[in-house]
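Okay, so here's the structure we're looking at.
So you know, we letter chains A, B, ... as the sequences are listed, proteins then strands, and number each from 1.
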Number of protein chains: 2
Amino acid sequence: MELKRTAEGEKGFEKVFAFLRERLLAGSLKPGDRLISERELASLLGVSRPIVREALRALTVLGIVEIRDRIGTVVTRPDVSVLNDFFTFALAQQADMLDDVMQARVAIECQAIRLACERANIADFERLQRALAKIGETIDEADAGGMADFDFHRAIVVASHSETLTVLHSSMAGLLTHSHRSRRELVQAFPSMKTYLIDDHRRIFEAVIARDPERADATLRKHFAIGDEYRRRAVVGDIDKSSASG
Amino acid sequence: MELKRTAEGEKGFEKVFAFLRERLLAGSLKPGDRLISERELASLLGVSRPIVREALRALTVLGIVEIRDRIGTVVTRPDVSVLNDFFTFALAQQADMLDDVMQARVAIECQAIRLACERANIADFERLQRALAKIGETIDEADAGGMADFDFHRAIVVASHSETLTVLHSSMAGLLTHSHRSRRELVQAFPSMKTYLIDDHRRIFEAVIARDPERADATLRKHFAIGDEYRRRAVVGDIDKSSASG
DNA sequence: TTAGCATACTGGTCTGACCAAGATCAGACC
DNA sequence: GGTCTGATCTTGGTCAGACCAGTATGCTAA
């Protein structure tokens with residue numbers, strides 16, 4: 001379809017990019033390999049060095065390679081930061097996407113917790129337990145509390161032993177950190193939130209321990225729903241906007 | 001923490017990239033806007049044009065801007081292709097990631113179907129129904145059948161009216177298309193798969209129509225599980241590997 | 001054998017230049 | 001006066017060659 005890559009008809013950048021893409025996808029360039037120097041690449045493909053740099057830079061932002069100053073360019077294992085950047089930019093231009101990203105996060109986490117029920121090992125359990133304890137300890141602190149909350153949820157995803165889920169989750173995590181924090185600041189406003197936070201997370205933890213995917217998923221979903229409800233109430237209570245038009 | 005962007009201490013590329021990132025994230029550069037020319041940007045930031053091009057190219061592969069030959073560089077709405085590229089590269093270097101990506105896909109789709117139950121409109125229902133009909137019609141064709149299957153699942157995600165979920169789903173879709181196809185080729189091998197494919201999808205459809213998130217999610221999950229089972233049986237039957245160490 | 005230095009090599013960047021084609025505006029023509 | 005045409009300006013696309021600053025290497029001298 002859109003192949004014929006590395007043929008002659010391409011512009012400079014495309015040529016270099018396609019050349020590298022080919023080797024990368026074919027596997028002849030594996031993580032850890034060092035590419036030939038920019039100069040060699042340039043003369044090899046009949047383009048100038050700036051063009052080669054464009055291509056290398058492109059692969060860099062995709063997290064495929066890493067340009068090391070005065071050392072060379074090496075192939076790396078795909079990195080999270082790409083998705084992070086993407087979501088960051090995407091969100092900046094469409095702020096309404098935040099709820100949307102939250103939905104994706106819920107999706108990832110609920111799937112992760114199901115897998116975690118099957119795959120979690122002792123170390124995962126311990127990590128979860130530590131995170132759970134931390135939540136209890138930092139219940140009155142906005143910053144530390146938010147982080148503890150985040151750590152717990154991340155521990156769930158890590159326990160799924162799925163790299164893709166982990167990558168996706170952490171790429172969205174940064175963006176949702178703010179909402180995490182602001183939610184945490186509601187603890188003072190809603191005293192009932194303390195028990196919600198502690199009990200919910202404990203129930204989630206117990207479901208994972210019990211290795212009961214259905215219960216874990218359902219409990220986690222409920223947890224998110226209640227969190228949303230708190231946030232909604234806070235908005236209405238504070239600003240009292242959107243009171244019209246039901 | 002890691003700010004101080006656009007300060008003086010940065011290297012050329014970082015300076016330009018940070019400069020643009022700032023405006024992009026702050027919103028002073030919105031989709032549709034045209035950037036100043038490369039030359040202006042270069043002199044403005046005190047770097048050379050090749051460096052500016054690196055930065056612009058970086059933003060291009062991130063799907064943030066589009067460089068139009070002899071026109072200029074314009075800000076675009078974030079595009080799916082980034083994630084597509086990323087997953088493609090990532091998968092190429094870790095083939096074992098395929099099951100992992102499948103998990104992510106299940107995650108997205110199950111969340112999407114829940115949202116679809118709430119948000120789907122008549123048009124969505126019709127699209128689903130058409131896709132469902134197509135599945136029945138093409139049940140004996142590998143290619144068309146696979147596409148019909150794929151369309152149905154995509155219709156679910158579209159019906160969620162969540163752009164993020166849609167983006168994530170479609171970015172993984174291409175990669176899983178092969179497995180879709182190969183699964184479809186099993187139809188001949190397992191006659192019972194016909195009813196499985198048709199009935200399952202109909203049940204899923206009905207659950208969405210009924211706007212029953214729990215049932216929809218559960219049905220969809222079961223659908224995936226059975227599909228996995230078929231695939232597993234096919235592998236065992238065909239190749240009979242992994243028969244030991246059950 | 002080993003310590004030390006010269007050198008080749010690497011990425012990082014700049015300068016200035018050329019090309020092709022879209023954008024613009026002045027002048028010519030209707 | 002209005003419209004069309006073409007010269008010119010501007011834009012991206014690219015190249016060639018050069019310089020810098022460290023790294024890596026290897027050769028030489030101790």
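- Between B:Phe89 and A:Phe17, the angle of the ring planes goes over 60°, which puts this pair in the perpendicular group of the 30/60° scheme.
- Side chains of A:Val82 and A:Val61 form no contact here, defined as non-hydrogen atoms less than 4.5 Å apart.
- Considering only side-chain atoms of A:Arg70, the nucleotide from D:dA21, D:dG12, C:dT15 that sits closest is D:dA21.
- Of the residues near DNA chain D, A:Ile71 and B:Leu56, the one whose nearest nucleotide (by heavy atom distance) lies more toward the 5' end is B:Leu56.
- Whole-Å rounding puts the A:Leu35 CG to C:dC9 C1' distance at 16 Å.
- Taking only side-chain atoms of A:Ile67, from C-beta outward, the nucleotide of C:dG11, D:dT14, C:dT15 with the closest atom is C:dG11.
- Between B:Arg34 atom CZ and D:dT10 atom C1' there is a gap of 10 Å when expressed in whole angstrom units.
- In summary, B:Arg21 and B:Glu14 do not engage in a salt bridge, as defined by a charged side-chain N under 4.0 Å from a carboxylate O.
- Mapping A:Arg39 and B:Asp69 onto DNA chain C by nearest heavy atom places A:Arg39 closer to the 5' end of the strand.
- The distance between atom CG of A:Leu45 and atom P of D:dT14, rounded to the nearest whole Å, is 13 Å.
- The base of D:dT11 lies outside donor-acceptor range of the side chain of B:Arg49, with no N or O pair under 3.5 Å.
- Residue B:Lys11 contributes atom NZ, which lies 15 Å from atom P of D:dC20 at whole-angstrom precision.
- Each of A:Ile51 and B:Ile36 lies near DNA chain D, and the nucleotide nearest B:Ile36 is the one positioned closer to the 5' end.
- Between B:Ser37 and the phosphate of D:dT10, there is no side-chain N or O to OP1/OP2 separation shorter than 4.0 Å.
- Put simply, CZ on A:Arg68 is 11 Å from P on D:dA24, counting in whole angstrom units.
- To the nearest angstrom, P of C:dA8 lies 20 Å from CD of A:Glu38.
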Subject >> Criterion side-chain hydrogen bond (donor to acceptor under 3.5 Å, both in side chains) on A:Asn84 and A:Ser171, from CA distance to verdict >> reply: CA-CA 4 Å; A:Asn84 227 323; A:Ser171 72; over 6 Å; no
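- In the set D:dC15, C:dT13, D:dT14, the nucleotide with an atom closest to the side chain of B:Phe13 is C:dT13.
- Residues A:His153 and A:His201 bring a donor and an acceptor atom of their side chains to less than 3.5 Å of each other.
- Contact annotation for B:Glu40: backbone-only contact, meaning every heavy-atom pair under 4.0 Å involves sugar-phosphate atoms and none involves a base.
- Across all strands shown, D:dC9 is found opposite C:dG22 as a Watson-Crick or G-U wobble partner, with both distances under 3.5 Å.
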